[in-house]
Amino acid sequence: MAAAAAAARAVSAGHGLRGVQRALPLVVILGATGTGKSTLALQLGQRLGGEIVSADSMQPQEMGTEKEVDRKVELEKEDGHVLHKRLSQVDPEMAAKLHPHDKRKVARSLQVFEETGIPHSEFLRRQHAEEGGGPLGGPLKFPNPCILWLHANQTDERLDKRVDDMLAAGLLDELRDFHRRYNQKKVEENSQDYQHGIFQSIGFKEFHEYLTTEGKCTPETGHQLLKKGIEALKQVTKRYARKQNRWIKNRFLSRPGPSVPPIYGLEVSDISKWEESVLEPAFEIVQSFIQGRKPGADPVKMPSGKTENKRSSHMCDLCGRIIIGDREWAAHMKSKSHLHQLKKRRRLDSDASSTIGSQSISPDRDKELEEDRSVGRNDEDLKSSV
């Protein structure tokens with residue numbers, strides 16, 4: 001998700017600071033998949049002599065992939081509603097913000113309580129209340145961070161090319177090797193888990209059929225499964241890029257506060273203009289931070305207007321569903337399933353009203369009919385007398 005280029009300690013006169021030893025800032029490079037975060041981190045690191053730290057949660061870590069005794073993983077194996085009920089007993093505030101189906105976050109909150117004895121909601125409240133804390137959490141760990149956001153018009157062609165480049169660079173060989181060493185036995189025992197650890201990263205699920213049948217099917221079938229996996233990988237990559245951009249905007253741009261540092265945007269849509277549009281502006285911004293002066297570029301402006309509540313809880317009695325988040329609630333109210341239930345309810349209410357209406361009229365109508373019959377009998381009696 002993010003590549004961070006962090007300077008180790010200080011920079012020397014060779015970088016144009018005339019021998020002044022000055023601590024370098026933490027430079028964070030944000031951006032969706034395929035925007036060139038790693039490339040820019042390497043280039044800045046080489047120019048500045050800095051240390052590069054990857055902040056990608058899905059980089060393969062062979063140590064630990066074979067054994068997950070992590071408490072959170074154990075909790076996630078339990079029923080979501082059971083976990084949510086347990087959380088509501090120890091932390092009702094956090095339980096009200098989380099959907100029972102969101103087992104990962106529910107399990108995380110339970111894990112925090114089990115390990116610290118403090119409700120997760122209280123734990124976060126204490127962080128926010130610390131000096132320098134704010135809507136995003138506690139105070140910043142690194143003073144004066146320099147945050148660069150690489151953004152692009154994420155066209156389908158751009159992301160499709162990224163997948164093709166990954167395949168050309170040996171992605172399938174890596175998947176085969178990892179599958180053979182860590183996942184093949186689990187597949188044979190029907191105990192593979194694509195929801196935890198490294199196996200939840202993009203690639204394993206999409207090529208599951210291809211990897212498990214390779215060498216056991218006809219070349220034609222293998223080719224079709226490979227083609228199917230590639231197409232699935234391209235689709236999920238596009239969804240992932242959209243999700244990443246939403247995360248950046250919601251996390252940094254839509255939630256202003258004292259703990260949110262300025263974000264400097266760099267347009268990377270045209271890769272042919274990388275030097276002039278990305279590398280040089282990024283270098284100038286970082287140099288400004290190093291020298292303690294204000295960058296010439298302006299940070300991305302925070303949008304004004306009402307900020308949506310991503311943790312608001314809504315109960316749709318009509319559909320019998322719990323909806324978390326203002327945006328999700330608005331989308332649910334316009335969804336086909338909700339509108340169908342609404343139409344169904346209105347039809348039932350209309351039928352019920354008609355039934356009640358006919359029942360309320362019938363006694364008076366019966367009286368009128370009885371009066372009519374009585375008048376008719378009187379008329380007949382009168383005719384008989386005459």
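Keep in mind that what you see is a predicted model, and the values were worked out from it rather than measured.
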Between atom CG of Leu75 and atom CG of Leu110, what is the distance when rounded to the nearest 0.5 Å?
6.0 Å
Do you know which two heavy atoms are closest between Phe289 and Pro145, and how far apart they sit?
CE2-O, 3.5 Å
Would you compute the distance between atom CZ of Arg162 and atom CG of Leu167 and round it to the nearest 0.5 angstrom?
11.5 Å
If we only count heavy atoms from C-beta on, is the Ile322 to Pro100 side-chain gap below 4.5 Å?
yes
Shortest non-hydrogen contact between Thr33 and Leu159, atoms and distance
O-CD2, 3.8 Å
With a 3.5 Å distance limit and no angle check, can you tell me whether Gln235 reaches the backbone of Ala232 through a side-chain donor-acceptor pair?
no
Rounded at 0.5 Å granularity, tell me how far CG in Asp270 sits from CD in Glu276.
8.0 Å
Minimum heavy-atom separation for Pro262 and Ile147, please, with both atom names.
O-CB, 3.9 Å
Residues Glu280, Arg47; criterion salt bridge (Lys or Arg N to Asp or Glu O under 4.0 Å); working and verdict:
CA-CA 11 Å; Glu280 293 305 326; Arg47 281 200 184 189; 2.7 Å; yes
For residues 89-98, please give each side-chain donor-acceptor pair under 3.5 Å, one per line with the distance, not counting sequence neighbours.
{"from": "Asp91", "atom 1": "OD1", "to": "Met94", "atom 2": "N", "distance (Å)": "3.3"}
{"from": "Asp91", "atom 1": "OD1", "to": "Ser121", "atom 2": "OG", "distance (Å)": "2.7"}
{"from": "Asp91", "atom 1": "OD2", "to": "His120", "atom 2": "N", "distance (Å)": "3.0"}
{"from": "Asp91", "atom 1": "OD2", "to": "Ser121", "atom 2": "N", "distance (Å)": "2.9"}
{"from": "Asp91", "atom 1": "OD2", "to": "Ser121", "atom 2": "OG", "distance (Å)": "3.4"}
{"from": "Glu93", "atom 1": "OE1", "to": "Arg125", "atom 2": "NH1", "distance (Å)": "3.1"}
{"from": "Glu93", "atom 1": "OE1", "to": "Arg125", "atom 2": "NH2", "distance (Å)": "3.4"}
{"from": "Glu93", "atom 1": "OE2", "to": "Arg125", "atom 2": "NH1", "distance (Å)": "3.0"}

Flag if over 12 foreign heavy atoms under 6.0 Å of CZ, Arg345
no
Let me know which of Leu44, Leu30, Val28 forms a side-chain contact (heavy atoms from CB on, under 4.5 Å) with Leu148.
Leu44
Looking at Lys72 and Arg108, would you say the former's side chain and the latter's main chain have a donor-acceptor pair under 3.5 Å?
no
Set of side-chain contact (heavy atoms from CB on, under 4.5 Å) partners for Ile271, sequence neighbours left out:
Trp274
Report yes or no: does Lys273 contribute a side-chain atom to a donor-acceptor pair with the main-chain N or O of Val268 at less than 3.5 Å?
no
If you group Ile, Leu, Val, Met, Phe, Trp and Tyr by side-chain heavy-atom gaps below 4.5 Å, do Ile324 and Leu124 land in one group?
no
Sequence neighbours excluded, which residues qualify as side-chain contact (heavy atoms from CB on, under 4.5 Å) partners of His151?
Trp149, Glu267
What is the minimum heavy-atom distance between His338 and Cys319, and which atoms define it?
ND1-SG, 3.5 Å
Judged by atom type as modelled, is there a donor-acceptor pair below 3.5 Å linking the side chain of Lys103 to the main-chain atoms of Glu78?
yes
Arg126/Glu130 ion pair, N-O < 4.0 Å:
no
Walk me through it: do Lys161 and Asp164 pass the test salt bridge (Lys or Arg N to Asp or Glu O under 4.0 Å)?
CA-CA 5 Å; Lys161 183 180 184 301; Asp164 292 335; over 6 Å; no
Report whether Val106 and Val112 are members of the same hydrophobic cluster (ILVMFWY, side-chain heavy atoms less than 4.5 Å apart, transitive linking).
no
Do His101 and His81 have ring centres separated by under 6.0 Å?
yes
Atom pair NE2/CG of His84 and Asp79 - distance to nearest 0.5 Å
12.0 Å
Result for side-chain contact (heavy atoms from CB on, under 4.5 Å) between Leu172 and one of Leu211, Ile230, Leu226 points to Leu226
Backbone N/O of Thr221 and side chain of Thr218: donor-acceptor pair under 3.5 Å
yes
Within this structure, what is the CD-CD1 distance for the pair Glu328 and Ile323, rounded to the nearest 0.5 Å?
8.5 Å
Ion pair Arg180/Asp177, N-O distance below 4.0 Å:
yes
Does Arg86 CZ have over 12 foreign heavy atoms under 6.0 Å away?
yes
Which of these, Tyr210, Tyr182, Phe178, sits in a ring-ring contact (aromatic ring centres under 6.0 Å, His included) with Phe204?
Phe178
Return yes when atom CZ of Arg293 has more than 12 non-hydrogen atoms of other residues, nucleotides or ligands closer than 6.0 Å, and no otherwise.
yes
For the residue pair Thr39 and Gln43, confirm or rule out a side-chain donor-acceptor distance under 3.5 Å.
no
Within a 6.0 Å radius of atom CZ on Phe123, are there more than 12 heavy atoms belonging to other residues, nucleotides or ligands?
no
Atom pair CG/OG of Leu342 and Ser337 - distance to nearest 0.5 Å:
11.0 Å
Kindly indicate, with the supporting measurements, whether the criterion salt bridge (Lys or Arg N to Asp or Glu O under 4.0 Å) is fulfilled by Glu115 and Arg71.
CA-CA 10 Å; Glu115 294 180 355; Arg71 177 56 178 159; over 6 Å; no
Step by step, work out the side chain to side chain contact (heavy atoms under 4.5 Å, CB included) result for Asp326 and His314.
CA-CA 8 Å; Asp326 291 346; His314 307 270; 3.4 Å; yes
Side chain to side chain contact (heavy atoms under 4.5 Å, CB included) between Ile290 and Val286, worked out
CA-CA 6 Å; Ile290 293 173; Val286 175; 4.0 Å; yes
